[in-house]
Amino acid sequence: MAKFGEGDKRWIVQERSDGANVHNWHWAERDCMEYSKSLLSSLLSNLTLLDGEGGLYVATKTVDKLEGEAYVNVRKGKVIPGYELSLSLSWEGEAKDVGVKVVGTVEVPYLADENADEDPEVRVCVRDEEGPVGKRIKDAMLVKGKPIILEKIRTYVQAMSKGGPAKDDLETKKSASKSVPSATSAPSKPLSSEKGKEKPKEKKKTKEGFKTISLSEKFYCRSKDLYEILMDENRWKGFTQSNARIEREVGGRFSLFDGSIEGVHEELKEGELIVQKWRFGSWPDGVLSTVRLDFDEPEPGLTVVNLTQTNVPEEDKYGNATVVENTERGWRELIFHKIRAVFGFGI
């Protein structure tokens with residue numbers, strides 16, 4: 001037993017003199033800025049975006065600026081990436097039939113792990129548009145080039161979610177642990193000894209890898225007014241400052257936040273209930289959550305919305321494990337709080 005005022009050394013985690021992180025007990029942080037510069041440069045530099053389509057030629061040049069921070073935290077095989085970056089990429093375009101050339105930049109002002117399940121903002125700039133031809137080149141860059149750049153950025157996001165530069169170390173440790181047989185494994189019993197024994201009943205397995213979100217929010221308004229806002233694409237466009245498309249009938253489709261969210265209405269009762277199949281475009285293919293919004297008006301002018309969203313995946317198709325957190329935050333901050341602020345329904 002330890003003396004009063006002293007800790008029992010058996011229960012104190014101390015730094016080893018040799019600096020070894022035995023069994024990855026501690027979180028190990030690894031800087032990834034050089035890795036990020038190298039990977040993003042290789043992904044984004046010297047890309048041919050248009051090669052003669054419509055008489056236009058567009059290509060990226062180099063990543064001229066990458067600022068911010070990037071790292072991964074690793075412990076016992078679990079990876080938590082962290083990055084907040086801004087980058088600038090130079091590009092050039094040419095309409096060879098009329099001999100007009102333009103140069104410009106692609107700006108990604110905020111690329112961060114907290115928004116890993118969403119595409120970042122991409123700004124395309126031209127130094128001198130050179131009139132209508134220059135504008136045509138810029139428009140072609142937006143339509144054809146921007147999606148290619150976003151796809152390359154998703155490759156970087158996926159690489160960071162898997163450990164970035166620490167990925168090889170993790171895979172080496174996993175393969176080593178699999179190759180070593182367990183010393184404590186008991187010898188297998190002959191089949192004859194199992195005869196006559198009743199097989200244990202298998203427990204029902206719950207669906208792994210999915211979560212449920214539950215929220216309750218209050219608004220100073222009538223329930224039918226709040227229902228109307230959530231079903232009106234023009235009001236969605238207003239309070240989210242993004243494109244929205246909503247078909248207002250059961251079986252009708254909807255698209256929100258510039259197409260980031262899509263789904264179908266399953267049940268609608270004016271001022272009372274909205275049930276939808278709902279998904280982010282970054283979720284694994286075929287995964288649909290179910291959103292249920294119950295409207296309660298305990299007294300005139302006070303509405304309580306109870307939201308339940310089931311079958312929310314823990315990870316997106318890029319391996320980022322922030323889907324549940326980001327989805328819940330999106331409902332609170334980008335939808336409910338915005339409605340209160342814009343329409344004056346604050347509590």
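Just so it is clear, the structure is predicted and the values come from calculations on it, not from any experiment.
- Note: I149 CD1 to L89 CG = 5.5 Å, rounded to the nearest 0.5 Å.
- For the pair M141/K146, no side-chain contact is recorded, criterion being any heavy-atom separation below 4.5 Å from C-beta on.
- For the atom pair CH2 of W278 and CG of L256, the computed distance is 8.0 Å after rounding to the nearest 0.5 Å.
- Side-chain atoms of S42 come within 3.5 Å of backbone atoms of L39 as a donor-acceptor pair (strictly under, hydrogens ignored).
- For the residue pair W331 and Q309, a side-chain donor N or O sits within less than 3.5 Å of a side-chain acceptor on the partner.
- What you find for F239 and I229 is that their closest heavy atoms are CE2-CG2, 3.8 Å.
- By the 6.0 Å contact criterion, NZ on K144 is open, its count of non-hydrogen atoms from other residues, nucleotides or ligands being 12 or less.
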TODO: Test side chain to side chain contact (heavy atoms under 4.5 Å, CB included) on C32 and M160 and set out the steps.
DONE: CA-CA 9 Å; C32 297; M160 286 293 288; 4.1 Å; yes

- [ ] Report the C-alpha distance between L111 and S86 in whole Å, list the side-chain angles of each, state the deciding distance to 0.1 Å, and finish with yes or no for side chain to side chain contact (heavy atoms under 4.5 Å, CB included).
- [x] CA-CA 6 Å; L111 174 61; S86 64; over 6 Å; no

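- The hydrophobic clustering, which links ILVMFWY residues whose side-chain heavy atoms are closer than 4.5 Å, places V264 and L293 apart.
- By the 4.5 Å heavy-atom criterion applied to side chains, K152 and L47 are counted as neighbours.
- The pair E228-K224 fails the salt-bridge criterion, with no side-chain N (NZ, NE, NH1 or NH2) lying under 4.0 Å from an Asp/Glu carboxylate O.
- Residues N326 and N115 fail the side-chain proximity criterion, which asks for heavy atoms closer than 4.5 Å.
- Counting only heavy atoms from C-beta outward, the side chains of F210 and V287 approach each other to under 4.5 Å.
- Nearest approach of Y318 to A116, heavy atoms of both residues: CD1-O, 4.5 Å.
- Within 6.0 Å of NZ on K65 lie more than 12 heavy atoms contributed by other residues, nucleotides or ligands.
- Residues L50 and Y57 do not share a hydrophobic cluster, clusters being chains of Ile/Leu/Val/Met/Phe/Trp/Tyr side chains in contact below 4.5 Å.
- Atoms CH2 and CZ, on W236 and F254 in that order, are 8.5 Å from each other to the nearest 0.5 Å.
- In this structure a side-chain-to-backbone donor-acceptor pair under 3.5 Å is present from R279 to W283.
- The existence of a salt bridge linking E262 and R253 is excluded, since no basic side-chain nitrogen approaches an acidic carboxylate oxygen closer than 4.0 Å.
- A salt bridge is defined here as a Lys NZ or Arg NE, NH1 or NH2 lying under 4.0 Å from an Asp or Glu carboxylate O, and E247 with R245 meets this definition.
- One distance of note links CG of L87 with CD1 of I153; it measures 6.0 Å at 0.5 Å rounding.
- In this structure, S289 contributes its side chain and V312 its backbone to no donor-acceptor pair below 3.5 Å.
- Nearest heavy atom pair, residue V102 against residue G134, reads CG1-CA, 4.0 Å.
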- [ ] For H265 and E249, run side chain to side chain contact (heavy atoms under 4.5 Å, CB included): C-alpha distance rounded to whole Å, both residues' side-chain angles, the deciding distance at 0.1 Å, then the answer.
- [x] CA-CA 7 Å; H265 299 303; E249 68 268 353; over 6 Å; no

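- Defined by atom type and a distance below 3.5 Å, a donor-acceptor pair is present between the side-chain atoms of T290 and K277.
- For the pair R235 and E233, the salt-bridge criterion is not met [side-chain N within less than 4.0 Å of a carboxylate O].
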TODO: Take L230 and I339 through the side chain to side chain contact (heavy atoms under 4.5 Å, CB included) test and state the conclusion after the steps.
DONE: CA-CA 9 Å; L230 292 172; I339 289 174; 3.9 Å; yes

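- A donor-acceptor distance shorter than 3.5 angstrom exists from the side chain of T327 to the backbone of V323, with no hydrogens or angles considered.
- Ion pairing of K37 with E67 is absent here, as no side-chain N (NZ or NE/NH1/NH2) approaches a carboxylate O to less than 4.0 Å.
- Residue-environment remark: NZ (K317) exceeds the threshold of 12 foreign heavy atoms within 6.0 Å.
- Among the candidates Y156, Y71, Y35, the single residue satisfying the ring-ring contact (aromatic ring centres under 6.0 Å, His included) test with Y83 is Y156.
- Scanning all heavy atoms of the two residues, the minimum distance from E333 to H337 falls at O-CB, 3.8 Å.
- A donor-acceptor pair under 3.5 Å is absent between the side-chain atoms of S41 and the main chain of V63, judged by distance alone.
- To the nearest 0.5 angstrom, T308 atom OG1 is 8.5 Å from L215 atom CG.
- A donor-acceptor contact under 3.5 angstrom links the side chains of S90 and D64, judged on distance only.
- G93 approaches I137 most closely through the heavy-atom pair CA-CG2, 3.9 Å.
- The side-chain heavy atoms of K211 and N311, taken from C-beta on, include no pair separated by under 4.5 Å.
- Environment of CD in E270: sparse, with no more than 12 heavy atoms of neighbouring residues, nucleotides or ligands closer than 6.0 Å.
- Ion pair R340/E217 flagged as a salt bridge, since at least one NZ, NE, NH1 or NH2 atom sits closer than 4.0 Å to an Asp/Glu carboxylate oxygen.
- The shortest side-chain heavy-atom distance between R30 and N73 does not fall under the 4.5 Å cut-off.
- A salt bridge is absent between K101 and E92: the closest approach of a Lys/Arg side-chain nitrogen to an acidic carboxylate oxygen does not fall below 4.0 angstrom.
- Hydrophobic cluster membership is shared by V108 and L150, with clusters built from Ile, Leu, Val, Met, Phe, Trp and Tyr side chains linked at under 4.5 angstrom.
- Cluster annotation: V304 and L307 are assigned to distinct hydrophobic clusters (Ile/Leu/Val/Met/Phe/Trp/Tyr, side-chain heavy-atom contacts under 4.5 Å, transitive).
- In this structure, I246 is not a member of the same hydrophobic cluster as L288, with clusters built from ILVMFWY side-chain heavy atoms closer than 4.5 Å.
- Note that CG of N243 and OG of S255 are 8.5 Å apart. Values are rounded to the nearest 0.5 Å.
- Between the side chain of S223 and the backbone N or O of G271 there is at least one donor-acceptor pair closer than 3.5 Å.
- Heavy atoms only, all atoms of each residue included: I274 and Y227 are closest at CG1-CE1, 3.5 Å.
- Looking at E315 and N320, their side chains never come closer than 4.5 Å, going by heavy atoms from C-beta outward.
- Residues E121 and E107 have side chains not in contact (no heavy-atom distance under 4.5 Å, counting atoms from C-beta outward).
- Listed for the D31 side chain is a donor-acceptor partner under 3.5 Å among the backbone atoms of M33.
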- [ ] Please assess S282 against D316 for the test side-chain hydrogen bond (donor to acceptor under 3.5 Å, both in side chains), listing each intermediate value before the final yes or no.
- [x] CA-CA 6 Å; S282 59; D316 64 16; 4.5 Å; no

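- A donor-acceptor pair is defined here as one N or O able to donate and one able to accept, closer than 3.5 Å; such a pair exists between the side chain of T303 and the backbone of C221.
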